[in-house]
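Remarks on the structure that follows.
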Amino acid sequence: MKKILLENDHVEGIRFFEAYRKHGGYRSVETALKQMGPDAVVEEVKKSGLRGRGGAGFPTGMKWSFLAKPEGVPRYLICNADESEPGTFKDRYLMEFLPHLLIEGMIVSSYALGSNRSYIYIRGEYAWIVDILEQAIAEAKQNGFLGKNILGSGFDCEIYVQRGAGAYICGEETALIESLEGKRGNPRIKPPFPAVKGLWDCPTVVNNVETLTAVVPIINMGGEEYAKIGVGKSTGTKLISACGNINKPGVYEIDMTISVEEFIYSDEYCGGIPNGKKLKACIPGGSSVPILPANLLLKTAKGETRYMNYESLADGGFVSGSMMGSGGFIVLDDDQCVVRHTLTLATFYRHESCGQCSPCREGTGWMEKVLKNIEYGKGKLSDIDLLWDIQRRIEGNTICPLGDAAAWPVAAAIRHFRDEFEWHVLNPEECLKRNYGLAGYADPIHVPVGS
Amino acid sequence: MSEQLIKVTIDNITLEVPAGTTILNAARMVGGEVAPPAMCYYSKLEGSGGKCRTCLVEVSKGSEKDPRPMPKLVASCRTTVMEGMEVKNITSEKVIDARNGVVEMLLINHPLDCPVCDQAGECDLQDLSYGHGKAGTRYEFPRRTFDRHDLGPYIQLHMTRCILCYRCVYVADQLTGKREHGVLDRGDHSQIATYIERSLENDFIGNVIDVCPVGALTDRTFRFKNRVWFLKPMNAHRDCPKCSGRVTLWNRGEEVYRVTARKDQWGEIENDENGKTGWICNECRFEKKQTSDWVIEGPRDISRQSVISQNHYLKVEEPQNVLPEVMGGRNPKLLMDIHDVSDVNKPEIHLSEIQGPATSQTFEDNSNINPQ
């Protein structure tokens with residue numbers, strides 16, 4: 001498969017302007033600003049069928065067309081680089097190795113949306129990447145791709161990098177806007193949506209790093225051409241950050257037509273599971289999407305092969321499916337304990353809840369405590385039902401999706417691995433010594449493809 | 001935009017409200033049970049609401065134009081009505097279930113120290129738990145606690161009781177020139193604080209006590225002096241150069257125990273006749289504790305449901321006693337006849353025929369029983 005985003009990621013010096021330009025960089029800016037109008041760029045993105053890469057998978061072209069355009073009011077583009085979802089590190093890879101690709105994508109997108117001041121809100125922990133981006137911006141400015149009257153088109157654009165302070169919640173777009181305004185990062189109540197009232201009450205679009213970089217190939221190759229890659233409504237390529245019990249963790253670009261089985265076992269991608277262990281479970285899209293046991297991961301409930309794309313991963317809803325999410329692919333082998341794993345996630349969400357609305361503030365802490373009891377052999381069988389009840393009352397009742405994100409992993413773990421929870425309760429001594437539960441979920445495939 | 005009326009149906013009651021009204025305010029126009037409870041929303045504070053999630057309602061029909069139901073329950077305090085919208089509050093099981101869940105969540109870290117809390121009797125959370133809470137708790141862990149802090153000479157902050165409604169933050173933002181307290185930290189350890197234990201000095205900061213739905217912010221000049229239901233609320237006013245001077249005095253005999261702003265049936269501070277909210281200044285609230293400081297207008301009406309109004313009613317009709325009729329002419333002291341459940345004692349003794357409280361001897365010695 002031909003890589004689109006990561007085509008040149010191993011070229012020496014690609015981080016700097018000369019090498020990037022030599023390998024075809026900033027072509028899309030020239031195309032867009034000289035030959036196309038802003039509306040034509042939006043049209044091209046619409047045609048491409050590009051879906052938001054941050055997690056929700058909302059069509060980007062449609063999001064852009066929702067942007068309100070009142071006279072005399074500035075509009076803003078914000079790049080959401082607050083990548084904090086456990087298991088997701090694709091944006092970091094992009095920004096660290098191909099900073100100019102992001103800057104290029106942002107210039108084109110700013111042009112399309114009419115944003116003269118665009119922001120990159122970057123996760124506070126990515127401190128060294130700020131310097132990389134700042135340098136890329138300075139280089140782009142030196143070469144006339146940023147600043148006043150870019151390439152003689154009359155379009156002015158500045159890009160600013162703003163560091164967050166290490167809060168997961170600031171990856172939620174309205175919390176991000178609050179934080180960017182210098183306030184406490186509490187999500188806003190929607191409506192009004194940012195497309196109408198965002199940064200400083202002006203119309204704002206917030207897009208993920210990968211979404212904005214994908215605009216570059218869309219302009220270069222044309223939206224229709226881009227839409228031919230992939231399958232159905234999952235067009236283009238997607239970066240997957242694979243980690244966990246696999247031989248080759250890392251960031252992979254896939255074209256969404258390969259099966260999950262191929263992705264895990266083929267040498268081109270994850271390279272199988274180390275030490276001869278078996279696949280037990282997997283979180284296919286970052287920590288907040290539901291975990292799937294091996295049998296449901298490789299095949300859908302209907303017995304069809306599951307593919308690495310938005311539709312196929314979501315097949316079966318939450319009962320027997322999951323989500324593409326942000327592409328944080330976490331693989332668990334049969335040594336891993338789902339209860340402990342769920343506890344880790346619950347601790348994370350308890351720590352990252354902003355504390356604004358009551359179900360999430362109180363519920364995440366409660367879930368963590370109950371899970372801790374079960375993990376350390378102090379649980380009761382009724383605790384499992386209690387956990388289910390708590391997550392049910394958090395999900396959907398909160399201001400922002402963090403409540404859902406905290407509830408889904410717990411719900412899915414209980415749904416698919418209830419007997420492992422019960423085993424923990426019934427074998428309190430053994431569960432302290434052994435770090436794994438049941439082996440009954442080990443993968444049913446005997447001869448993995450591509451190995 | 002004036003007087004454009006919109007038709008909305010809440011719990012099968014249809015009414016017309018001005019455009020831009022929120023579902024909660026429309027439901028308050030209906031009143032009674034139909035009005036969802038609100039712990040964080042405060043109509044006099046701009047931007048409040050949406051946080052506590054107790055006012056969640058189900059929108060079963062979005063509007064006339066787009067009749068699709070809304071996929072999730074919505075916070076009625078921050079959702080405006082649309083033409084033809086149909087809302088379910090107490091008629092929706094989903095809403096009741098979610099609300100019970102929210103109340104449970106609000107209570108798991110609340111100390112439930114109502115017997116020693118000054119807010120008891122006029123506490124929104126207390127009312128809410130009576131309406132929606134369970135008798136027991138499923139929470140088996142130590143509750144989150146904080147130290148008490150004095151925010152200056154007048155206000156005490158008891159963060160353990162706080163439900164993080166942010167109302168006091170909005171008061172400081174909108175009433176005072178400079179906000180000196182805010183929310184620190186996040187998640188279940190977030191807290192209202194001044195960061196370095198400063199005191200709140202503004203002349204109008206005392207209003208945070210009135211807006212606090214629980215006993216987290218209390219009046220230091222009133223703490224542990226009396227229970228609110230022993231006091232008689234009186235409307236009073238004085239000429240105050242700083243504020244409207246319209247207050248409620250809480251008296252016992254001649255003594256003024258505390259001064260608060262006048263609160264309406266939703267627990268919010270009333271507007272005066274000019275439509276301005278009756279916030280009062282610190283001087284009126286904390287310094288003027290003599291009846292001679294005030295012109296007393298008369299007793300204040302308190303909602304009949306409130307514990308404060310207990311024993312303040314005359315000519316109350318007692319409910320008809322139907323028990324003798326049900327029990328065949330007998331008027332038993334105990335509803336359950338003990339002989340139904342125990343055969344140790346003597347079934348021939350009728351409990352209702354015993355004079356005074358029954359003891360073990362009653363059943364041994366028949367001479368205590370009155371002759372038939």
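Numbered from 1 within each chain, the chains take letters A, B, ... in sequence-line order.
- Looking at B:Arg78, the atoms closer than 4.5 Å to chain A (heavy atoms on both sides) all sit in the side chain, from C-beta outward.
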Q.
Run A:Asn373 and B:Phe141 through side chain to side chain contact (heavy atoms under 4.5 Å, CB included) and show every step you take.
A. CA-CA 10 Å; A:Asn373 265 1; B:Phe141 306 94; 3.4 Å; yes
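- Among A:Arg350, A:Lys369, A:Arg392, the residue with the largest count of heavy-atom pairs under 4.5 Å with chain B is A:Lys369.
- Ionic pairing of A:Glu352 and B:Arg186 is present here: one or more N-O contacts between side-chain nitrogen and carboxylate oxygen are shorter than 4.0 angstrom.
- The closest side-chain heavy-atom distance from A:Arg184 to B:Ser190 is below 4.5 Å.
- Partner of B:Arg138 under the side-chain contact (heavy atoms from CB on, under 4.5 Å) criterion, chosen from A:Val370, A:Asp389, A:Asp385: A:Asp389.
- Scanning both residues, A:Ser358 and B:Cys52, for their nearest heavy atoms gives OG-O, 2.6 Å.
- Between B:Tyr166 and A:Gln356, the shortest heavy-atom distance links the atoms OH-CA, 4.3 Å.
- Other residues, nucleotides and ligands place no more than 12 heavy atoms under 6.0 Å from the NZ atom of A:Lys233.
- In this structure, B:Glu86 has no side-chain hydrogen bond (donor to acceptor under 3.5 Å, both in side chains) partners at least two apart in sequence or on a different chain.
- With sequence neighbours excluded, the residues satisfying ring pair (Phe, Tyr, Trp, His ring centres under 6.0 Å) with A:Tyr168 are A:Phe348, A:Tyr349.
- Take B:Thr277 and apply the side-chain hydrogen bond (donor to acceptor under 3.5 Å, both in side chains) test, not counting sequence neighbours, and it matches B:Asn271.
- A:Ile189 and B:Gly49 make their closest contact through CD1-O, 3.3 Å (heavy atoms, listed as atom of the first residue, atom of the second, distance).
- Contact count versus chain A (heavy atoms, under 4.5 Å) is highest, among B:Leu56, B:Thr80, B:Asp97, for B:Asp97.
- Sparse packing is recorded around NZ of A:Lys372, with 12 or fewer heavy atoms of other residues, nucleotides or ligands lying under 6.0 Å away.
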Q: Using the side chain to side chain contact (heavy atoms under 4.5 Å, CB included) rule, take B:Asn100 and A:Arg393 through it: C-alpha gap first, then chi angles, then the decisive distance, then the call.
A: CA-CA 9 Å; B:Asn100 291 351; A:Arg393 283 173 160 176; 4.1 Å; yes
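- Taking all atoms of both residues into account, the shortest heavy-atom contact from B:Met105 to A:Trp366 is SD-CE3, 4.2 Å.
- Of the atoms belonging to B:Leu164, heavy atoms from both backbone and side chain fall under 4.5 Å from chain A.
- Comparing B:Asn109, B:Thr79, B:Val102 by heavy-atom pairs within less than 4.5 Å of chain A, the highest count is held by B:Asn109.
- A 4.5 Å side-chain heavy-atom check between A:Arg361 and B:Lys51 finds every atom pair outside the cut-off.
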Q: Show the numbers, then the answer: is there a side chain to side chain contact (heavy atoms under 4.5 Å, CB included) between A:Ile390 and B:Glu104?
A: CA-CA 10 Å; A:Ile390 302 171; B:Glu104 185 175 22; over 6 Å; no
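- Across every non-hydrogen atom of A:Gly365 and B:Asp188, the tightest pair is CA-OD2, 3.7 Å.
- Salt-bridge annotation for B:Glu140 and A:Lys380: present, with a side-chain N of the basic residue lying under 4.0 Å from a carboxylate O of the acidic one.
- The shortest distance between side-chain heavy atoms of A:Asp404 and B:Lys72 falls below 4.5 Å.
- Contacts between residues 170-185 of chain B and chain A, counted as heavy-atom pairs separated by less than 4.5 Å, involve B:Val183, B:Leu184, B:Asp185.
- Heavy atoms of other residues, nucleotides or ligands lying less than 6.0 angstrom from CE of B:Met82 number 12 at most.
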Q: Evaluate the criterion side chain to side chain contact (heavy atoms under 4.5 Å, CB included) for residue pair A:Glu362 and B:Leu106; output intermediate values, then yes/no.
A: CA-CA 7 Å; A:Glu362 309 291 352; B:Leu106 283 175; 5.6 Å; no
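- Looking at A:Thr364, there are no atoms closer than 4.5 Å to chain B (heavy atoms on both sides), in backbone or side chain.
- A:Lys190 does not touch chain B: none of its heavy atoms, backbone or side chain, sits under 4.5 Å away.
- Looking at A:Ile169, there are no atoms closer than 4.5 Å to chain B (heavy atoms on both sides), in backbone or side chain.
- Of the inter-residue distances, the one linking A:Thr398 atom OG1 with B:Leu73 atom CG reads 11.0 Å to the nearest 0.5 angstrom.
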